[in-house]
Amino acid sequence: MAPSSKADKKAAGDVAAWMFNVVTSVGIIIVNKALMANYGFFFATTLTGMHFVTTTLMTIVLRWLGIIQASHLPLLDLLKFVLCANFSIVGMNISLMWNSVGFYQIAKLSMIPVSCLLEVSFDKIRYSRDTKLSIVVVLLGVAVCTVTDVSVNTKGFIAAFVAVWSTALQQYYVHYLQRKYSLSSFNLLGHTAPVQAGSLLLLGPLVDYWLTNKRIDHFDFTFSSSAFIILSCTIAIGTNLSQFICIGRFSAVSFQVIGHMKTILVLILGFLFFGKEGLNIQVVVGMLIAVCGMIWYGNASSKPGGKERRSHSIKHGSDSSQADDKV
């Protein structure tokens, strides 16, 4: 196949992966917002456990169909991944409860520099000046349109710190494990989803009761609310899979940067479906800045020297020859 044809095919695959992730991620946020606002279902941790149950069922079907092949993931690596992923889920929920919305958004934005630090430290990634500046522009734009009141307290700061680092580590691990053990997105989900489902369904009701003082067994599961829960769980299959696909194709940092497009879309859809009272010139300006930063990042990181690995830190078979590859 000609190089240009390969490049076109990869570009098309990249766009499809991003669109898959954006559509499913924004869709699940809108459905969950409706579930909480209209039906009072505030059991976010337990709901995430349900999401991984449906994802596990999907991987079982795919394994039966032969799409997921037998693969190996050491137990220690699996447990480290699940620990980071579960701390990320619980930490984000606690951070949202204990912090102002403004500080919660700042904490989410800080995941990009933390992810950069992990890539620089462990993968020896080198960023060009334009790539660094474009990331700053994205952070500035999203901050302008999402950060309002900012107040900090000790326990809220600790929750945000745990949430940010566990999320960054979880996303780094997705890329790391796929490269180290030559796992596809389906393979990795097949290993991790059942453990996450079991652990979150076990701990979720306790965590949700601690956070909301409400018991899920006292919730009135009507036909409508159950339909929304099933819809949320169905969309979550695509959300979980697309996250692994995107991070596997790109990196945790690129996933975070372009992922802020989802923040912009959620704001826009929120204005359309839940009222326009939050739409003002500050939000519009912030959106424009963020979009410009994302376009700049895509252009800067794709240029030679924009984002390169100086030395390959994972030597797995013949992969050690990939030093100085562009990522």
Over all atoms of both residues, closest heavy-atom pair of A168 and V114: CB-CG1, 3.5 Å
Ring geometry between F81 and F244 (parallel below 30°, tilted from 30 to 60°, perpendicular above 60°): perpendicular
For S232, the option from T48, N32, T54 that meets side-chain hydrogen bond (donor to acceptor under 3.5 Å, both in side chains): N32
D130 side chain vs A300 backbone, donor-acceptor pair below 3.5 Å: no
Note, S225 side chain near F41 side chain (heavy atom, < 4.5 Å): no
Backbone N/O of A236 and side chain of N240: donor-acceptor pair under 3.5 Å: yes
Expected output: side-chain S226 to main-chain F223 donor-acceptor under 3.5 Å: no
Heavy-atom neighbours of F161 CZ exceed 12 at 6.0 Å: no
Non-hydrogen atoms of W98 and K155 that approach each other most closely: CE3-O, 3.5 Å
Distance (rounded to the nearest 0.5 Å) between M111 CE and S166 OG: 9.0 Å
Nearest heavy-atom neighbours spanning R179 and D123: NH2-OD2, 3.1 Å
Closest contact, heavy atoms only, C233 versus H51: CA-CD2, 3.6 Å
Other residues, nucleotides, ligands: >12 heavy atoms within 6.0 Å of F87 CZ: no
side-chain contact (heavy atoms from CB on, under 4.5 Å) between N187 and Y181, intermediate numbers included: CA-CA 10 Å; N187 287 129; Y181 298 109; over 6 Å; no
Nearest non-hydrogen partners of T239 and T24, listed with the distance: OG1-O, 3.3 Å
Under 3.5 Å donor-acceptor, S88 side chain and C84 backbone: no
Plane angle bin for Y39 and F228 - parallel if under 30°, tilted between 30 and 60°, otherwise perpendicular: tilted
Option among V195, L83, L177, L188 that satisfies the side-chain contact (heavy atoms from CB on, under 4.5 Å) test with L78: V195
Closest approach of T212 to F42 (non-hydrogen atoms, all atoms of both residues): CG2-O, 3.7 Å
Test log, rule side-chain contact (heavy atoms from CB on, under 4.5 Å), inputs Y209 and T45: CA-CA 10 Å; Y209 179 74; T45 309; over 6 Å; no
L189 and T55: CA distance, side-chain angles, deciding distance, side-chain contact (heavy atoms from CB on, under 4.5 Å) verdict: CA-CA 8 Å; L189 261 183; T55 303; 3.9 Å; yes
